[in-house]
Amino acid sequence: MIRAAVDADVPRLVAMGSRFLEESHYGTMFKRNDIALAALMRRLINSNDGVVFVSVDWPSLSGMIGGVVYDHPMTGERTATEAFWWVDPENRGHGLSLLRRFTAWAKAHGAVKLQMIAPDERVSRVYCGLGFTKLEEHFQKDI
């Protein structure tokens with residue numbers, strides 16, 4: 001089952017976000033900060049322009065996707081962008097349902113473009129298979 005997240009879900013959302021950091025290459029680049037993760041989750045849950053959807057494997061949550069809609073600064077087009085997308089590895093299989101729900105929400109909020117983040121080539125291939133076009137690559141360094 002996919003549903004919108006509520007404030008009571010925040011501790012589990014933070015746990016999934018922390019697990020994502022620990023199990024991905026992002027953990028080598030970003031410090032874990034549960035306070036910041038909780039603030040992000042609450043901000044998205046309680047915003048008209050943000051959302052978090054969760055997949056529920058009774059009795060707990062097993063996946064999440066969150067993002068925002070905004071007016072693109074260069075085109076003015078209403079654009080949706082993902083902030084995070086995660087499903088616990090032992091419960092994989094709900095990811096595309098989460099993406100479909102986020103896409104429907106984005107369309108309902110006026111988005112005409114959807115941008116997703118690909119942390120690696122495997123995810124890039126998934127997006128290409130779903131009709132996405134590669135837009136750019138992100139780089140980061142400590143300053």
Side-chain angles (χ1 to χ4, degrees), residues 1-73 75 77-142:
M1 175 177 90
I2 308 296
R3 65 167 173 79
V6 296
D7 284 328
D9 296 326
V10 169
R12 178 69 181 116
L13 296 171
V14 168
M16 284 190 285
S18 295
R19 184 173 179 191
F20 166 73
L21 284 175
E22 292 166 3
E23 294 184 11
S24 71
H25 74 280
Y26 288 109
T28 63
M29 298 179 193
F30 298 106
K31 287 184 174 180
R32 179 178 166 175
N33 184 331
D34 290 352
I35 293 170
L37 278 172
L40 170 64
M41 299 305 178
R42 286 189 182 92
R43 195 166 48 250
L44 291 175
I45 289 169
N46 295 300
S47 166
N48 291 332
D49 290 334
V51 72
V52 178
F53 289 110
V54 294
S55 58
V56 181
D57 277 321
W58 190 255
S60 69
L61 308 181
S62 60
M64 61 184 179
I65 191 169
V68 296
V69 292
Y70 65 99
D71 296 329
H72 193 279
T75 67
E77 291 179 308
R78 198 75 171 147
T79 302
T81 189
E82 163 217 0
F84 53 84
W85 183 21
W86 169 262
V87 177
D88 291 335
E90 60 274 12
N91 293 83
R92 297 266 157 96
H94 304 111
L96 291 179
S97 295
L98 285 165
L99 179 57
R100 282 191 292 273
R101 184 71 180 269
F102 179 62
T103 302
W105 173 86
K107 285 181 182 179
H109 283 77
V112 296
K113 302 279 189 201
L114 174 60
Q115 296 177 341
M116 298 294 290
I117 303 161
D120 57 40
E121 283 302 313
R122 182 186 61 80
V123 177
S124 292
R125 287 190 299 275
V126 169
Y127 291 146
C128 289
L130 294 171
F132 286 81
T133 301
K134 186 174 182 176
L135 183 60
E136 65 184 351
E137 292 184 65
H138 286 249
F139 296 88
Q140 174 176 296
K141 74 174 186 172
D142 292 335

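Position 1 is the first residue of the sequence; numbering continues from there. Quick caveat: nothing in here was measured; it's all calculated off a predicted structure.
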Rounded to the nearest 0.5 Å, how far does CD of Glu77 lie from NE2 of His72? 8.0 Å
Contact between Leu44 and Phe84 at the side-chain level, heavy atoms closer than 4.5 Å - yes or no? yes
Taken to the nearest 0.5 Å, the spacing of Trp85 CH2 from Leu98 CG works out to 8.0 Å
Val69 and Ala80 have their tightest heavy-atom pair at CG1-CB, 3.8 Å
For Ser55 and Ile2 the tightest heavy-atom approach is CB-CD1, 3.5 Å
Partners passing salt bridge (charged side-chain N to carboxylate O under 4.0 Å, His left out) against Glu23 (at least two apart in sequence or in another chain): Arg19
Smallest heavy-atom separation, Gly17 atom then Leu37 atom, equals C-CD1, 4.0 Å
Name the atoms and distances for all side-chain donor-acceptor pairs under 3.5 Å in residues 4-15, with sequence neighbours left out.
unit_1	atom_1	unit_2	atom_2	d
Asp7	OD1	Asn46	ND2	3.0
Asp9	OD1	Arg3	NH2	3.0
Asp9	OD2	Arg3	NH1	2.8
Asp9	OD2	Arg3	NH2	3.3
Asp9	OD2	Val6	N	2.9
Arg12	NE	Leu61	O	2.9
Arg12	NH2	Leu61	O	2.9
Arg12	NH2	Asp88	OD2	2.4

Of all residues at least two apart in sequence or in a different chain, which pass the side chain to side chain donor-acceptor pair (under 3.5 Å) check with Thr79? none
Residues that Pro119 engages under side-chain contact (heavy atoms from CB on, under 4.5 Å), provided they are two or more places apart: His25, Tyr26, Val123
Partners meeting ring-ring contact (aromatic ring centres under 6.0 Å, His included) with His109 (sequence neighbours left out): Trp105
Residues at least two apart in sequence or cross-chain that pass salt bridge (charged side-chain N to carboxylate O under 4.0 Å, His left out) with Arg78, listed by chain then number, are Asp49, Asp71
Validation: residues 126-142 side-chain donor-acceptor distances under 3.5 Å, sequence neighbours left out:
unit_1	atom_1	unit_2	atom_2	d
Tyr127	OH	Ile117	O	3.0
Glu136	OE2	His138	NE2	3.4

Please list, chain by chain and in numerical order, all residues satisfying side-chain contact (heavy atoms from CB on, under 4.5 Å) with Ala39, sequence neighbours excluded. Arg43
Listing request: all salt bridge (Lys or Arg N to Asp or Glu O under 4.0 Å) pairs with a residue in residues 56-68, at least two apart in sequence or in separate chains. none
Sorted by chain and residue number, the side-chain contact (heavy atoms from CB on, under 4.5 Å) partners of Thr81 (sequence neighbours excluded) come out as Val68, Tyr70, Gln115
Return yes when atom CG of Asn48 has more than 12 non-hydrogen atoms of other residues, nucleotides or ligands closer than 6.0 Å, and no otherwise. no
Approximate separation, where rounding is to 0.5 Å, of Phe102 CZ and Met116 CE: 6.5 Å
Asp34: what forms a salt bridge (charged side-chain N to carboxylate O under 4.0 Å, His left out) with it, not counting sequence neighbours? Arg32
Not counting sequence neighbours, which residues clear side-chain contact (heavy atoms from CB on, under 4.5 Å) with Lys107? List them please. Thr103
